[in-house]
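Quick notes on the structure that follows.
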Amino acid sequence: MDLQQRVAVVTGANRGIGYEIARQLAQRGVHVVITARDEARGLEAREKLSQEGLSVSFFPLDVTSDESAQALATHLQKTFGRLDILINNAGVALDKWVPSLAVEMDVFIRTYETNVFGVMRVSKMLIPLMKQHGYGRVVNLSSNLGSLEKAGGFTIAYRSSKTALNAVTRVLALELKHDDLLINAMCPGWVKTELGGEDAPRSAEEAADTAIWLATLPAGGPSGGFFQDRKPFPF
Ligand code: NAP
């Protein structure tokens with residue numbers, strides 16, 4: 001099947017890396033459902049991409065809400081009858097460089113709500129749509145800060161949430177390997193966004209490259225991996 005007939009969902013696509021991944025997927029002909037928790041911001045992103053002549057639509061999604069994820073699954077089934085690509089991009093970093101013992105438990109819980117449970121919630125609702133057609137590409141936006149092999153101190157909630165996300169990625173990939181479902185995690189590098197900050201050396205345009213590669217892998221491509229710059233990165 002051509003990319004032109006494929007349907008993708010990008011979470012947290014109203015800005016940053018998610019917006020850019022949505023743009024680059026749509027530039028390849030994929031129909032991209034832009035999702036965002038703030039409807040006005042999501043509609044604005046859809047409008048900007050539509051003005052570039054890209055095939056995009058919008059549906060609200062807060063990854064911390066079961067109802068919201070269920071409504072998206074219903075919408076996809078009714079409107080397209082399929083889902084081919086899922087980019088789990090929405091993420092928060094609430095404890096940047098805070099000493100571990102000073103991180104409030106509420107911050108820990110909110111970080112996991114989005115970065116781990118949010119990905120699992122959306123995957124639970126949407127991967128069944130992929131299984132209907134025996135095809136799917138799932139890309140989870142992780143971080144090299146989640147690598148245990150490269151671990152350092154500080155930022156414990158964010159780091160460990162991405163470590164957990166890598167584990168979720170590996171387990172799902174192994175379990176679903178019978179269909180043409182390829183599920184991978186990646187680090188986009190240090191990227192100039194609201195999350196990455198002004199000093200980051202990399203643009204969102206560059207950061208999207210590995211995500212697009214993983215989202216369009218041919219059958220038999222890697223699954224359950226963790227990548228940066230299209231190369232395996234240590235777990
Ligand atoms: P960003 O500019 O802060 O964008 C984050 C996006 O996630 C926003 O659209 C935000 O929506 C959305 N979001 C947050 N919570 C959400 C929720 N509950 N439901 C739905 N959407 C939600 O961050 P970014 O730099 O583009 O990061 C994208 C991903 O890359 C994240 O998973 C991040 O951990 C990962 N990453 C980034 C870097 C970096 O250097 N930037 C490095 C490694 C990994 P609102 O606009 O409503 O807040």
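For ligands, and for the atoms within them, numbers begin at 1 and follow the listed sequence.
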- Query: Counting heavy atoms only, which of Leu141, Val63, Thr114, Asn89 comes nearest to atom 31 (C) of ligand 1?
  - Reply: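 When every heavy atom of Leu141, Val63, Thr114, Asn89 is considered, Asn89 comes closest to atom 31 (C) of ligand 1.
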- Ignoring hydrogens, just give me the one of Ala45, Gly189, Ala90, Ala13 whose non-hydrogen atom is nearest atom 21 (N) of ligand 1.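 Considering heavy atoms of Ala45, Gly189, Ala90, Ala13, the nearest to atom 21 (N) of ligand 1 sits in Ala90.
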Does any N or O of ligand 1 fall below 3.5 Å from an N or O anywhere on [X], backbone included?
X      : answer
Ser143 : no
Val191 : yes
Ala36  : no
Lys162 : yes
Asp38  : no

Counting from 1, what ligand 1 atoms have a heavy atom of [X] closer than 4.0 Å?
X      : answer
Arg41  : 45 (P), 46 (O), 47 (O), 48 (O)
Trp190 : 40 (O)
Gly16  : 2 (O), 26 (O)
Asp62  : 17 (C), 18 (N), 19 (N)
Asn14  : 8 (C), 9 (O), 11 (O), 45 (P), 46 (O)
Thr64  : 18 (N)
Gly91  : 5 (C), 7 (O), 14 (C), 31 (C), 32 (O)
Tyr158 : 33 (C), 34 (O), 35 (C), 36 (N), 43 (C), 44 (C)

Can you tell me if [X] has over 12 outside heavy atoms packed within less than 6.0 Å of its [atom1]?
X      : atom1 : value
Gln5   : CD    : yes
Glu198 : CD    : no
Lys96  : NZ    : yes

Any side-chain to backbone donor/acceptor pair from [X] onto [Y]? Under 3.5 Å, distance only.
X      : Y      : result
Arg137 : Thr216 : no
Lys192 : Ala200 : yes
Ser223 : Ile183 : yes
Asp84  : Ala8   : no
Thr155 : Trp97  : yes

- Task: Examine the proximity of ligand 1 to Lys192 and report which part, side chain or backbone, both or neither, has a heavy atom under 4.0 Å away.
- Result: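 None of Lys192 does.
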- Does ligand 1 have a heavy atom under 4.0 Å from the side chain of Leu61, from its backbone, from both, or from neither?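 Just the backbone.
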- Run the numbers on Arg46 and Glu39 for salt bridge (charged side-chain N to carboxylate O under 4.0 Å, His left out), then give the verdict. CA-CA 10 Å; Arg46 185 203 62 185; Glu39 186 150 354; over 6 Å; no
- Task: Indicate the ring-plane relationship of Phe233 and Phe226, choosing parallel, tilted or perpendicular according to the 30° and 60° boundaries.
- Result: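 Judged by the thresholds at 30° and 60°, the geometry between Phe233 and Phe226 is perpendicular.
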- Using a strict cut-off of less than 4.0 Å between a Lys/Arg side-chain nitrogen and an Asp/Glu carboxylate oxygen, indicate whether Glu20 and Arg23 qualify as a salt bridge.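 Result for this pair is yes, salt bridge flagged.
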Min heavy-atom dist [X] to ligand 1 below 4.0 Å:
X      : value
Thr11  : no
Pro188 : yes
Ser65  : no
Ser142 : yes
Glu113 : no
Tyr19  : no

Tell me, which protein residue and heavy-atom name are nearest [atom], and how many Å apart are they?
atom                    : value
atom 2 (O) of ligand 1  : Arg15 NH1, 3.0 Å
atom 24 (P) of ligand 1 : Thr193 OG1, 3.6 Å
atom 26 (O) of ligand 1 : Ile17 N, 2.8 Å
atom 14 (C) of ligand 1 : Arg37 NH2, 3.5 Å
atom 23 (O) of ligand 1 : Leu195 CB, 3.3 Å
atom 12 (C) of ligand 1 : Gly12 CA, 3.8 Å

- Message: Evaluate Val10 against Tyr19 for side chain to side chain contact (heavy atoms under 4.5 Å, CB included), listing each step before the verdict.
- Response: CA-CA 8 Å; Val10 182; Tyr19 176 80; over 6 Å; no
- Message: Working note: Arg110 + Glu113, criterion salt bridge (charged side-chain N to carboxylate O under 4.0 Å, His left out); need CA distance, chi angles, decisive distance, verdict.
- Response: CA-CA 5 Å; Arg110 285 192 287 125; Glu113 253 318 325; over 6 Å; no
- Is Leu214 linked to Met1 within one hydrophobic cluster, defined over Ile, Leu, Val, Met, Phe, Trp and Tyr using a side-chain heavy-atom separation of less than 4.5 Å?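 No.
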- Supply the atom-to-atom distance Tyr135 OH to Arg6 CZ, rounded to the nearest 0.5 angstrom.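 If I round to the nearest 0.5 Å, the distance is 4.0 Å.
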- Task: Starting at CG of Leu83, measure out to NE2 of His75 and round the result to the nearest 0.5 Å.
- Result: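 Rounded to the nearest 0.5 Å, the CG-NE2 separation comes out at 10.5 Å.
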- Task: Ignoring hydrogens and angles, state whether a donor on the side chain of Ser142 or Asn166 is under 3.5 Å from an acceptor on the partner side chain.
- Result: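 Looking only at side-chain atoms, Asn166 and Ser142 do form a donor-acceptor pair, the distance falling under 3.5 Å.
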